[in-house]
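Below is one structure, written out as structure tokens; the observations come after it.
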Amino acid sequence: PGTHKVAIAGGAAGAVQLTETLEVEVARAPTEGTWLSPLTLAVSAEPEQDARLGDPFNFGGWHLVPLTGPDLSRKAEVVFFGFVMRPQTDEQGAVDLKARIQLSHGGKSLGRPVTMPLDTALIIGDLYMYGSSIPLSALPEAGSYELEFEIMEGGSETAIERSLPLEIID
């Protein structure tokens with residue numbers, strides 16, 4: 001927890017192509033009750049079983065291709081992941097976690113929000129991960145859209161929200 005400086009360098013063909021230094025604020029997770037991490041977004045995820053917790057662009061054994069801007073093709077998908085710590089579970093030990101997703105175009109909601117259950121996987125102790133994806137192929141046309149996510153734990157008021165502007169280019 002605290003404020004940290006992160007230096008990022010990208011290279012190709014043995015030469016540095018870009019560098020960036022950011023200041024990042026890391027909040028302390030609460031020590032009691034359910035905690036949901038911020039939602040992580042990507043354009044794809046592939047299994048990487050040998051990945052270690054904390055490796056860059058690896059999330060619970062999945063290698064993510066980061067979402068770097070709003071421009072996407074309808075052939076793409078939006079992948080979302082997060083962690084949940086100390087979730088409430090049912091008698092069988094299952095975690096009750098849901099995603100509520102609303103799509104907007106031109107500032108107007110397209111239909112009603114979709115609510116879907118999220119599968120979770122135990123990482124260690126009482127730390128779980130969840131993830132899912134949304135194909136963009138169903139979007140009716142190119143243009144500006146917004147995806148609004150709300151991740152909710154059933155049976156409690158614990159929830160997080162994130163909005164994602166999209167520019168569909170084909």
Side-chain angles (χ1 to χ4, degrees), residues 24-48 53 57-170:
V24 178
E25 180 71 30
V26 178
R28 181 177 297 278
T31 58
E32 294 180 5
T34 300
W35 174 78
L36 291 163
S37 72
L39 194 61
T40 300
L41 300 170
V43 292
S44 72
E46 298 294 330
E48 190 168 314
L53 191 61
F57 304 117
N58 282 285
F59 198 96
W62 291 85
H63 178 77
L64 304 180
V65 175
L67 186 64
T68 58
D71 294 348
L72 289 173
S73 162
R74 281 201 301 253
K75 297 173 188 164
E77 65 180 351
V78 173
V79 178
F80 60 97
F81 283 84
F83 289 111
V84 57
M85 188 181 310
R86 294 180 301 276
Q88 296 179 13
T89 56
D90 64 18
E91 301 80 35
Q92 289 79 34
V95 176
D96 183 11
L97 206 58
K98 294 178 176 59
R100 182 181 162 275
I101 302 166
Q102 177 68 57
L103 177 66
S104 301
H105 181 58
K108 295 187 179 194
S109 295
L110 297 178
R112 296 185 317 187
V114 173
T115 301
M116 58 192 235
L118 294 172
D119 291 330
T120 60
L122 180 63
I123 301 293
I124 189 170
D126 57 3
L127 178 64
Y128 295 76
M129 67 166 280
Y130 64 87
S132 193
S133 65
I134 301 168
L136 301 178
S137 58
L139 295 178
E141 60 189 16
S144 298
Y145 291 86
E146 183 173 18
L147 277 172
E148 297 174 44
F149 296 87
E150 182 179 17
I151 308 300
M152 309 164 285
E153 181 190 38
S156 79
E157 294 184 19
T158 303
I160 59 164
E161 296 178 0
R162 180 156 182 197
S163 179
L164 174 64
L166 297 171
E167 190 65 36
I168 303 303
I169 55 176
D170 65 355

Report the C-alpha separation of E148 and E146 in whole Å, then their side-chain angles, then the decisive distance to 0.1 Å, and conclude whether the side-chain contact (heavy atoms from CB on, under 4.5 Å) test is met.
-> CA-CA 6 Å; E148 297 174 44; E146 183 173 18; 4.1 Å; yes
Is the shortest heavy-atom distance from the side chain of F80 to the side chain of L67 under 4.5 Å?
-> no
R86 side chain vs G33 backbone, donor-acceptor pair below 3.5 Å | yes
Passes side-chain contact (heavy atoms from CB on, under 4.5 Å), D90 versus D96? Steps please.
-> CA-CA 8 Å; D90 64 18; D96 183 11; over 6 Å; no
Measuring from L97:CG to M116:CE, what's the distance to the nearest 0.5 Å?
-> 10.5 Å
To the nearest 0.5 angstrom, please state how far the OG1 atom of T158 sits from the CG atom of L36.
-> 6.0 Å
With distance as the sole test, does Q102 use its side chain to make a donor-acceptor pair with the main-chain N or O of G111 at under 3.5 Å?
-> yes
For R100 and P113, which heavy atoms make the closest approach, and how far apart are they?
-> NH2-CG, 3.3 Å
State the CH2-CG distance between W35 and D126, to the nearest 0.5 angstrom.
-> 11.5 Å
Is there a side-chain contact (heavy atoms from CB on, under 4.5 Å) between L136 and Y145 once you walk through the steps?
-> CA-CA 11 Å; L136 301 178; Y145 291 86; over 6 Å; no
Rounded to the nearest 0.5 Å, what separation is found between the OG1 atom of T40 and the CZ atom of R162?
-> 7.5 Å
Side chains of V65 and V79: closer than 4.5 Å at any heavy-atom pair?
-> no
Heavy-atom nearest pair, A99 first then M152, reads C-CE, 4.4 Å
Using atom types as modelled and distance alone, determine if a side-chain donor or acceptor of R74 lies under 3.5 Å from a backbone N or O of D170.
-> yes
If every non-hydrogen atom of K98 is compared with every non-hydrogen atom of T115, which pair is closest and at what distance?
-> CD-CG2, 4.0 Å
Least distance between heavy atoms, H105 atom then S144 atom = ND1-O, 2.7 Å
Side chains of Y130 and L39 in contact at under 4.5 Å (non-hydrogen atoms) | yes
Give a yes or no on this: more than 12 heavy atoms of other residues, nucleotides or ligands lie within 6.0 Å of atom CD of E46.
-> no
Identify the two heavy atoms, one from A42 and one from L64, that lie closest to each other, and give their separation to 0.1 Å.
-> CB-CB, 4.0 Å
Contact summary for Q88 and G154, nearest pair of heavy atoms = OE1-O, 3.7 Å
Checking side-chain contact (heavy atoms from CB on, under 4.5 Å) for the pair L110/L139: CA distance, chi angles, key distance, verdict?
-> CA-CA 10 Å; L110 297 178; L139 295 178; 5.6 Å; no
Evaluate the ring planes of F57 and H63, with Trp represented by its six-membered ring, and classify them as parallel (under 30°), tilted (30 to 60°) or perpendicular (over 60°).
-> perpendicular
Would you find more than 12 non-hydrogen atoms of other residues, nucleotides or ligands less than 6.0 Å from D71 atom CG?
-> yes
Kindly say whether P87 contributes a backbone atom to a donor-acceptor pair with the side chain of E153 at under 3.5 angstrom?
-> no
Quickly, which of I151, I134, L164, V78 forms a side chain to side chain contact (heavy atoms under 4.5 Å, CB included) with I101? Name it, please.
-> I134
